[in-house]
Protein chains: 2
Amino acid sequence: MSVDTLRYYERIGLIDPPARDSGGRRSYSEDDLGWLFFLTRLRTTGMPIRMMREYAQLRHRGTTTAVQRKQMLLEHRAAVRARIAELQSCLEVLDYKITHYEQFEHSEGITA
Amino acid sequence: MSVDTLRYYERIGLIDPPARDSGGRRSYSEDDLGWLFFLTRLRTTGMPIRMMREYAQLRHRGTTTAVQRKQMLLEHRAAVRARIAELQSCLEVLDYKITHYEQFEHSEGITA
DNA sequence: GGTTGACCTGGAGCGCGCTCCAACTCCTAC
DNA sequence: GTAGGAGTTGGAGCGCGCTCCAGGTCAACC
C-alpha cells in the first residue's frame, strides 16, 4: 500500500488520523494497522470506497451499530461469493476455448 | 451491454464494424455475437481493454497468430484462477469476522 | 402524412481509485 | 554544520471504462 493511498484514505475518512511522533510524523497503532488490514481485504474483494466509508462511519459510532455492520459484511460476503461463482463460470468458457483452440482459431464466434 | 458500450468497443477496434441494413443500421452476424459474447467473458474476468484489443488484433491477423492467442488465454486463465484464490482467501477473513463479530465490535483491529 | 421511437454521429463528461507534484519540515549520519 | 532522505501538506492530474448529449436520419404505425 502506497503512502499516497494511505494519505488518501485518511483524507476521505476511511481511517482516523493516527497519532504523531515528536516530529509530527504519523505513528500507526496496532489497532490502526489491524483496521487497515481489514480495509485492504474489503478493497481486494471489490467493496467500493463509498461503502467502506459507510462502514467506517458506523464503526465510528460505536457498538450500537454492530448489527448494521455485521449485516453489511453478510451482504458483502454474498456479493463476493457471487463474484467467485461468476469467475468460475467464465473459467469454464476459457477452459473450453483453450482446449478446443485449434478448431476455431479464426472464428472466435462459436462458443458452444 | 449498452448501445454506448457497443459503439465504444467498435470505435476502439475491439469489434469490427458490422454489416449494415438498408437503412444504415448495424446488423450483427452470429459470428459478431459470438465474438461479443467471448469479449464479455474476458471483461467479466477482469482482462483490461488494452489486452482485449491486442487479442483482437492478433485474431485479425489470422490463423498464424493462433499460438500467441492461446498463450494469452493460458496466461489470463492463470490470472483468473489466482484472482479466485485471492477472493477465497479474503472470504476466510470475512467469515472469521462475521462469526466472531460480537467479540470485537469496536476494535476492528484484532483479526487473529 | 404526421408522430413516435430506435438508431446514427462525433465529441464531451464522468465516477472511481488512486498517483503525482512542488515546496516544505524534520531527523540522522557524517 | 551540512547533506541526505524520509515524511508532510494541499492540490492537480490521470488511466480506465464507460456514459451521456445534441442534433440528425430513418422505418414503422396510426
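In what follows, chains are A, B, ... by sequence order, proteins preceding strands, each numbered from 1. All figures in this text were calculated on a predicted structure; none of them were measured in a lab.
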Rounded distance (nearest 0.5 Å) linking atom CE of B:Met72 with atom CE of B:Met52:
10.0 Å
On a heavy-atom basis, which atom in A:Pro18 and which in A:Asp32 lie closest, and how many Å separate them?
CB-OD2, 3.8 Å
Nearest-angstrom distance from the residue atom [atom1] of [X] to [atom2] of [N]:
X	N	atom1	atom2	value
B:Arg25	C:dG5	CZ	P	14 Å
A:Asp21	D:dA6	CG	C1'	12 Å
B:Arg20	D:dT25	CZ	C1'	12 Å
B:Tyr28	C:dC7	OH	C1'	11 Å
B:Ile12	D:dG15	CD1	C1'	13 Å

4.5 Å side-chain heavy-atom contact, B:Trp35 and B:Arg59
yes
Please write out the pairs of protein N or O atoms and N or O atoms of nucleotides 16-20 of chain C separated by less than 3.5 Å, giving the distance to one decimal.
from	atom 1	to	atom 2	distance (Å)
C:dC16	OP1	A:Arg50	NE	3.4
C:dC16	OP1	A:Arg50	NH2	3.3
C:dG17	OP1	A:Arg43	NH1	3.4
C:dG17	OP1	A:Ile49	N	3.4
C:dG17	OP2	A:Ile49	N	3.2
C:dC18	OP2	A:Tyr9	OH	2.9
C:dC18	OP2	A:Arg43	NE	3.0
C:dC20	N4	A:Asp4	OD1	3.1

Closer than 4.0 Å, any side-chain N/O of A:Arg26 to the OP1 or OP2 of D:dT8?
yes
Between A:Gln71 and A:Glu75: side-chain donor-acceptor atoms closer than 3.5 Å
yes
Scan A:Arg26, A:Arg11, A:Met1 and name whichever one has a side-chain contact (heavy atoms from CB on, under 4.5 Å) with A:Leu6.
A:Met1
Looking at residues 77-89 of chain B, who's got a heavy atom less than 4.0 Å off DNA chain C?
none
